[in-house]
Amino acid sequence: MSIETISRNDPRYSTLLRGRNGRFPASDADRASRIELCDNAEDVALALQRAVSEGLRPTVRSGGHCYEDFVYSNPGGVVLDLSMMGDMTPVAGAPKYRIAAGASLGEVYTDLFKRYNVTLPGGTCGSVAAGGHISGGGYGLLSRLHGLTSDWVTAVDILTVDAHGKVIARRVDEKHEPELFRACRGAGGGSFGIITNYFFEELPKVPQEVITANISFSWADMTEEKFEAILKTYGNYWETRGKDPETWGMFAIFGLTHRSAGHLGISIQFCNPDGTCRDLKVLNEFLALFEPCGPVQTTPATAAVTGGERAMHHAAPENCWGQQMMSRHLWLDANVRGGGGGGGGGEQRAKYKSAYMKRNFTSAEIACFYKHLTRTIPGVDLSRTTVLVDSFGGATNKKSLIDTTSNPQRASVMKLQFLNYWNSPEEDAAHLQCSREFYSELYSGPDANPKYKETPYWNDRYEGCYINYPDKDMLAYSFWPELYYGEAGLVPVLKRVKQRYDPNNIFHHAMSIRP
Amino acid sequence: MKGRSGWSRREFVQMTGSSLGAMSFGVPLLAGVTRANRTVAMRFAYVGFGGEGAKDEGIAVFDVRGRDLKDKDLRGGQWRQTGVVASAAPSSLVLDASERFLYAVNEVDEYQGLPSGTVEAYAIDEANGSLKLVNRQRLSLSATAPRHAAVSPDGRALVVAVHGGGAYNVLPIGEDGSVGAVSGILKEAGSGPHEEQRSAHPQMVVFDRAGRVISADLGSDRLSVLKLDTARLSIVGRCAAQAGDGPRQVAFHPDGRVLFVANELDASVACYAYDSEEGKIVGRLGQVATGCGGNAGGVVMAVDPAGEFLYTSHRRGSGGVSMWRIVGSTGALQRLQVVDESGPRLHEMTMTADGKSLLGLSREDGGVFGWRVANGQISRGVQLASLSAPASMAVKAL
């Protein structure tokens with residue numbers, strides 16, 4: 001197939017010019033003029049050249065999961081859709097494993113398992129695709145054991161646009177254009193070019209089996225004291241015992257939901273470092289820590305191990321029968337929820353924030369969590385307000401990777417994702433404000449450096465934010481690049497890469513590396 | 001006093017003031033649109049100041065009614081400043097055709113955290129010329145450091161040349177003069193041999209008689225003809241300048257068939273034939289170096305509305321104003337005269353529509369200067385107003 005161009009008059013246009021987050025595009029004026037569905041890297045090069053020559057701004061999607069408006073706020077521009085580029089067949093002369101940018105994580109895990117019994121330590125949301133996920137340093141349930149996805153990348157195929165506006169196809173690795181290669185390992189999408197393939201010389205073996213477990217707590221009998229005890233127990237584990245390599249096969253996600261959601265709980269995936277479940281000592285030890293906190297019984301089969309937006313996708317209440325007999329959906333949304341690549345699944349509106357934590361929670365932080373997770377605002381449904389507290393560290397904290405990847409956060413033991421979900425545009429302002437207030441207050445406490453107030457700026461407790469959970473609110477702070485990329489010299493490297501490989505700033509969005 | 005060696009402002013004014021008794025100002029020539037033979041007197045002048053290295057920034061308002069140079073007492077501040085409004089780095093000021101609204105281009109890299117420049121719309125008080133902000137509008141993402149704007153002949157769109165982000169933006173203009181959200185973006189890519197040409201840097205836009213946009217791109221050594229259609233811009237044609245020229249300014253000869261281009265990087269003025277029917281820059285007719293020895297750079301120019309003369313000065317290197325004769329319709333230039341070689345270097349220059357006065361801004365000397373042209377000769381200059389780091393100018397006569 002050649003490039004399939006979806007223009008405004010195409011019936012698929014209104015579905016395909018959106019992604020997963022219903023907030024974007026925010027207005028008709030923001031809409032791209034066309035979507036170019038590409039089958040392979042040659043298609044992408046052609047579509048990109050066409051856009052540049054016409055003076056149109058290209059933005060790129062693979063899975064369509066970008067948390068901000070980087071792809072869909074593209075007035076009159078072109079969206080290059082790579083979601084159908086899922087080819088994983090090896091390429092001669094390239095490293096052994098190949099993952100094309102459009103391959104979804106679900107496809108990747110299945111394919112790598114069947115063909116090679118290896119995997120990528122990536123995220124839990126199967127419809128997220130490789131393109132954006134890996135470029136920002138994607139991580140998941142096996143990351144404490146095997147590091148970030150970007151840590152394993154050994155070469156990348158990328159299209160850049162030279163000073164004269166000509167599209168150039170490059171294969172870069174640590175020997176060929178090493179700075180561009182480094183930028184492709186964690187700096188996030190949309191700044192330098194279009195990655196069409198990732199290559200890996202080796203990948204970690206798939207665990208033979210895993211145990212999943214859940215600990216659930218009821219909000220009904222929750223007190224602030226109990227809440228604090230639970231969080232401190234959780235955080236303390238990752239700050240202390242969790243640093244022992246023996247525990248790295250265990251990954252936990254603590255979903256701190258809003259009180260109106262009824263329950264809050266910890267989802268766990270466990271295996272031993274050798275990929276077996278022969279010895280359950282570590283898991284049992286962890287579970288036992290919470291016994292005094294009075295968890296409620298759950299049925300493991302129904303409590304999915306979730307992370308990122310998929311968690312909320314599953315938890316999202318369906319429109320209630322009786323309350324709303326009819327609801328209107330785009331076909332793809334109604335039928336391919338959570339799947340289907342670019343477009344689709346975009347009915348939910350969302351806002352995200354992030355923070356890396358090097359230490360356990362303080363009492364002040366926990367008090368702030370409690371306050372905001374129990375607050376009520378008349379007329380605003382906060383039941384889908386959650387903070388996901390992921391265990392982190394282990395293999396992700398290999399210090400040597402600071403200089404070879406663009407993920408400088410290598411000392412954290414927990415990674416926080418703040419999520420707010422709602423359905424109607426009328427609720428946008430209230431939810432965005434709630435999200436902002438929660439976060440600013442959390443990072444304005446006694447531990448905050450006054451100079452970097454309202455943010456988890458790098459200090460002895462925090463390691464800034466995660467670029468794959470981008471948050472435009474951070475643009476209010478002049479230090480936002482350092483917040484995401486640290487102070488150890490990565491920002492100048494990324495600027496240099498930008499100037500060299502995209503001198504005309506063809507690839508840009510609100511939080512792209514500026515020339 | 002920060003005048004350069006061999007010249008002081010006082011001396012300059014004293015030397016020249018006495019010879020300007022009969023000088024009067026008319027409407028300046030607006031870029032690309034000739035309004036020859038109009039002798040309407042100036043009423044209000046607006047000078048944007050600020051930008052790189054400047055402490056203060058804003059738009060100064062001058063009441064210049066009856067303030068032409070035939071007055072006896074001309075020394076120091078002949079233009080009477082009546083007000084000032086805050087404005088961030090106003091790199092370009094442009095009036096709409098009715099002269100009821102003034103548009104300012106803010107040469108900034110960031111607005112409300114996003115990498116965008118902005119433009120502002122001001123309503124002009126007809127009685128006293130004062131400015132009232134109508135609105136400030138963000139340009140598109142990456143449209144940083146905009147340099148110049150032009151109002152479409154129908155008054156319904158503002159086209160902006162974006163230096164930093166290498167792009168053009170179109171913004172609709174409302175009945176109340178307000179500037180709406182960006183409706184069209186044309187992203188440029190290109191480069192040249194000079195170190196300032198690592199990427200495309202559109203500098204200036206003017207409209208031809210048919211409503212097409214002609215633009216100069218310093219970064220890519222390129223002139224472009226663009227079509228403005230349903231609030232969007234598209235490329236009609238391109239014309240390459242010589243590599244390393246760095247075209248910065250474009251102005252039509254009043255016949256609309258010759259286009260003068262001031263080149264930033266090699267201090268020259270080139271002349272191109274323009275097919276106004278087809279909207280095509282046909283080819284380069286000639287090119288002259290404008291410096292008078294020394295390392296001149298950053299040439300600025302103004303074209304006589306009658307099409308007889310062209311004036312040049314420089315922002316860097318040698319000072320002075322050169323007067324050139326435009327030979328017939330060939331666009332060939334012959335230097336007639338150079339004045340004030342030790343005088344101010346000019347940042348921007350404009351000709352009044354009666355063709356009798358030349359106005360110039362000097363950033364380093366902090367002022368507005370004027371020259372009188374009569375009988376094929378240019379007078380020496382006089383300082384009309386003093387203000388720090390002037391960057392842009394517009395004069396209202398209607």
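Chain letters run A, B, ... following the sequence lines, proteins first and then strands; every chain starts at 1. Model, not experiment: these values are computed from the prediction.
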Could you tell me whether [X] atom [atom1] has more than 12 heavy atoms of other residues or ligands within 6.0 Å of it?
X: B:Arg198; atom1: CZ; value: no
X: A:Lys453; atom1: NZ; value: no
X: A:Arg50; atom1: CZ; value: yes
X: A:Glu487; atom1: CD; value: yes

Flag side-chain contact, heavy atom, 4.5 Å: A:Leu475 against B:Glu110: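 Counting from C-beta outward, A:Leu475 and B:Glu110 never come under 4.5 Å.
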
Of all the heavy-atom pairs spanning [X] and [Y], show the shortest one and how long it is.
X: A:Gly165; Y: B:Ala189; answer: CA-CB, 3.6 Å
X: B:Ile235; Y: A:Ser53; answer: CD1-O, 3.8 Å
X: A:Asn504; Y: B:Ala200; answer: OD1-N, 2.8 Å

Interface residue of largest heavy-atom contact number with chain A, from B:Gly166, B:Ser183, B:Ser191, under 4.5 Å: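 Ranked by contacts with chain A, first place is B:Ser191.
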
Heavy-atom pairs under 4.5 Å with chain A, option from B:Gly164, B:Gly190, B:Ser220 with the top count: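 Winner by heavy-atom pair count: B:Gly190.
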
CG on A:Asp502 to OG on B:Ser199, rounded to 0.5 Å: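 These two atoms lie 9.5 Å from each other.
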
Approximate separation, where rounding is to 0.5 Å, of A:Asp69 CG and B:Leu141 CG: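 So the CG of A:Asp69 and the CG of B:Leu141 are separated by 7.5 Å.
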
Contact origin within B:Ile185 toward chain A - heavy atom pairs under 4.5 Å: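 Both parts, backbone and side chain.
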
Contacting region of A:Glu54 [heavy-atom separation from chain B under 4.5 Å]: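 For A:Glu54, the contact with chain B is made by the backbone alone.
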
Under the side-chain contact (heavy atoms from CB on, under 4.5 Å) test, residues paired with A:Val491 that sit two or more places apart: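 Once residues adjacent in sequence are excluded, the partners of A:Val491 under the side-chain contact (heavy atoms from CB on, under 4.5 Å) criterion are A:Pro481, A:Glu482, A:Tyr485.
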
Sequence-distant partners of B:Pro193, side-chain contact (heavy atoms from CB on, under 4.5 Å), two or more places apart: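 Residues passing side-chain contact (heavy atoms from CB on, under 4.5 Å) with B:Pro193: B:Gln197, B:Asp221, B:Ala243.
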
Part of residues 430-444 of chain A lying next to chain B, heavy-atom separation under 4.5 Å: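 Within residues 430-444 of chain A, no residue comes under 4.5 Å of chain B, counting heavy atoms only.
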
Residue-level contacts of residues 506-514 of chain A with chain B, using a heavy-atom cutoff under 4.5 Å: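 Against chain B, the residues of residues 506-514 of chain A that fall inside the cut-off (heavy atoms, under 4.5 Å) are A:Ile506, A:His508, A:His509, A:Ala510, A:Arg514.
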
